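Here the structure comes first, spelled out in structure tokens, and everything after it is commentary.
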Amino acid sequence: MTGRWRGIVGIFGIIFLLDQGAATAEIIISHFDKRDNELGGRSSVYQQAPSIARVTLTAETSQDAGGKSLKLFYDKKGVGGPYGKGGWCGFYTQVKIEEKYFDAMPFSALRFWVKGEKGDENFKVGLADAHWDQIGDSVKSQDIGAYLAEGKITTEWQMAEIPLEEFFLDLSELASIVIAFETECFPEGAGTGTVYLDEMAFQ
């Protein structure tokens with residue numbers, strides 16, 4: 001067979017891309033058009049005072065024509081709260097459904113679109129497997145700019161693609177994906193801003 005062609009299989013949202021006999025798979029985690037993700041997992045903010053986070057689904061900007069994106073406001077404080085580091089805040093979406101963990105072994109990367117309201121916003125991405133799920137934490141990526149063409153968040157949409165091998169987790173038992181506004185992301189541990197996310201997937 002010659003040339004390039006694409007076969008789309010809608011079962012469980014998995015898209016198979018076939019290119020000259022080589023196959024890869026992609027599964028959409030969220031279009032951010034509704035509260036729960038495409039797997040049926042809960043999505044929400046987490047926060048520990050004095051830091052706060054707020055989230056809405058907005059149609060003001062999106063990578064999907066006629067769709068929505070996630071608008072995520074954060075105010076990460078630098079002092080106060082537990083351990084005197086200003087608490088913590090972020091966003092999570094669960095890929096563990098009831099007691100069944102998500103098997104990400106067929107995939108090599110997590111990708112999503114991101115942009116900022118003003119530019120230069122920052123965060124890390126966290127993944128939790130069964131072990132980290134049980135202790136209520138996640139393994140974090142580098143700052144998001146390491147995975148963006150411009151080297152930082154700008155006011156234009158950019159695709160972030162994070163290799164799953166960076167997390168050193170049991171990929172056969174993933175529980176959640178986290179957008180984490182860590183102390184290390186900001187000068188003096190404090191930062192505030194708004195970021196937009198869209199079209200999150202494993203590929």
Side-chain angles (χ1 to χ4, degrees), residues 6-17 23-46 53 55-59 61-72 74 89-116 123-133 136-142 144 146-148 153 157-181 195-203:
R6 176 175 296 187
I8 301 178
V9 180
I11 300 174
F12 305 120
I14 298 177
I15 302 174
F16 292 98
L17 304 179
T24 58
E26 178 178 279
I27 184 167
I28 300 294
I29 301 302
S30 186
H31 294 291
F32 298 111
D33 290 336
K34 57 185 181 180
R35 182 176 181 86
D36 293 338
N37 63 37
E38 301 303 312
L39 305 179
R42 174 180 169 81
S43 300
S44 189
V45 297
Y46 65 91
V55 66
T56 58
L57 300 177
T58 178
T61 180
S62 175
Q63 278 295 300
D64 182 15
K68 298 178 181 179
S69 64
L70 185 79
K71 183 177 183 179
L72 176 55
Y74 63 91
C89 62
F91 167 83
Y92 71 88
T93 189
Q94 293 178 330
V95 295
K96 173 188 175 184
I97 309 303
E98 296 180 347
E99 297 304 313
K100 183 175 177 58
Y101 288 97
F102 179 80
D103 183 3
M105 290 295 288
F107 310 101
S108 61
L110 173 70
R111 62 91 171 155
F112 54 87
W113 291 93
V114 60
K115 74 173 190 174
F123 60 82
K124 297 177 184 288
V125 174
L127 291 184
D129 62 7
H131 167 74
W132 288 95
D133 182 42
D137 205 346
S138 62
V139 177
K140 307 305 191 295
S141 69
Q142 301 177 63
I144 191 60
Y147 312 101
L148 299 175
I153 293 176
W157 286 110
Q158 295 182 78
M159 174 68 78
E161 185 172 317
I162 307 175
L164 296 181
E165 64 184 12
E166 289 195 9
F167 293 95
F168 297 101
L169 295 171
D170 182 354
L171 296 177
S172 69
E173 291 189 323
L174 288 190
S176 60
I177 303 166
V178 175
I179 304 298
F181 302 100
V195 295
Y196 298 85
L197 305 176
D198 209 356
E199 300 298 309
M200 180 177 284
F202 284 118
Q203 64 181 25

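Just so it is clear, the model here is predicted, and its values are computed rather than measured.
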side-chain contact (heavy atoms from CB on, under 4.5 Å) for Phe202 and Ile29? Distances and angles first, verdict last.
CA-CA 7 Å; Phe202 284 118; Ile29 301 302; 3.5 Å; yes
Member of Ile179, Leu72, Ile153, Asp198 meeting the side chain to side chain contact (heavy atoms under 4.5 Å, CB included) criterion with Val114
Ile153
Can you name the nearest heavy-atom pair linking [X] to [Y], along with the distance?
X	Y	value
Lys68	Ser62	O-OG, 3.2 Å
Lys34	Glu38	CE-OE2, 3.5 Å
Phe167	Val125	CE2-O, 3.5 Å
Ser44	Phe91	O-CD1, 3.2 Å
Tyr74	Cys89	CB-SG, 4.2 Å
Tyr147	Gln142	OH-N, 3.1 Å

Between [Y] and [X], do the side chains contain a donor N or O and an acceptor N or O under 3.5 Å apart?
X	Y	answer
Lys71	Ser69	no
Thr93	Asn37	yes
Ser172	Asp170	yes
Glu199	His31	yes

Is it the case that atom CE in Met105 sees more than 12 heavy atoms from other parts of the structure closer than 6.0 Å?
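No - once you tally the heavy atoms of other residues, nucleotides and ligands closer than 6.0 Å, there are 12 at most.
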Worked verdict on Asp129 versus Val139 for side-chain contact (heavy atoms from CB on, under 4.5 Å):
CA-CA 9 Å; Asp129 62 7; Val139 177; over 6 Å; no
Return the orientation label for the Phe181 and Phe123 ring planes: parallel under 30°, perpendicular over 60°, tilted otherwise.
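Taking Phe123 first and then Phe181, their aromatic rings stand perpendicular (interplane angle over 60°).
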Compute both the distance and the angle, then confirm whether Lys115 meets the cation-pi test with Tyr196: under 6.0 Å from the six-membered ring centre, within 45 degrees of the axis.
yes
Between [X] and [Y] (side chain of the first, backbone of the second, donor and acceptor by atom type, cut-off under 3.5 Å), is there such a pair?
X	Y	answer
Asp133	Ala175	no
Ser30	Phe32	yes
Lys140	Ser138	yes

Quick check for you: to the nearest 0.5 Å, what is the distance between [X] atom [atom1] and [Y] atom [atom2]?
X	Y	atom1	atom2	answer
Thr58	Leu70	OG1	CG	10.0 Å
Trp132	Leu169	CH2	CG	8.5 Å
Gln158	Phe112	CD	CZ	11.0 Å
Leu174	Asp103	CG	CG	8.0 Å
Ser108	Gln203	OG	CD	6.5 Å

What verdict does the side-chain contact (heavy atoms from CB on, under 4.5 Å) test give for Lys124 and Ser141, after you've listed the backbone C-alpha separation in whole Å, the side-chain angles of each residue and the deciding distance to 0.1 Å?
CA-CA 6 Å; Lys124 297 177 184 288; Ser141 69; 4.1 Å; yes
Passes side-chain contact (heavy atoms from CB on, under 4.5 Å), Val178 versus Leu127? Steps please.
CA-CA 6 Å; Val178 175; Leu127 291 184; over 6 Å; no
State, yes or no, whether a side-chain contact exists between Lys96 and Phe102 at a heavy-atom distance under 4.5 Å.
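No, side chains not in contact.
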Would Arg42 and Asp36 pass as an ion pair if we require N to O under 4.0 Å?
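Not counted as a salt bridge, because no side-chain N and carboxylate O are separated by less than 4.0 Å.
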Do Arg111 and Glu26 meet the salt-bridge criterion of a basic N to acidic O distance under 4.0 Å?
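Between Arg111 and Glu26 there is a salt bridge, with a charged N closer than 4.0 Å to a carboxylate O.
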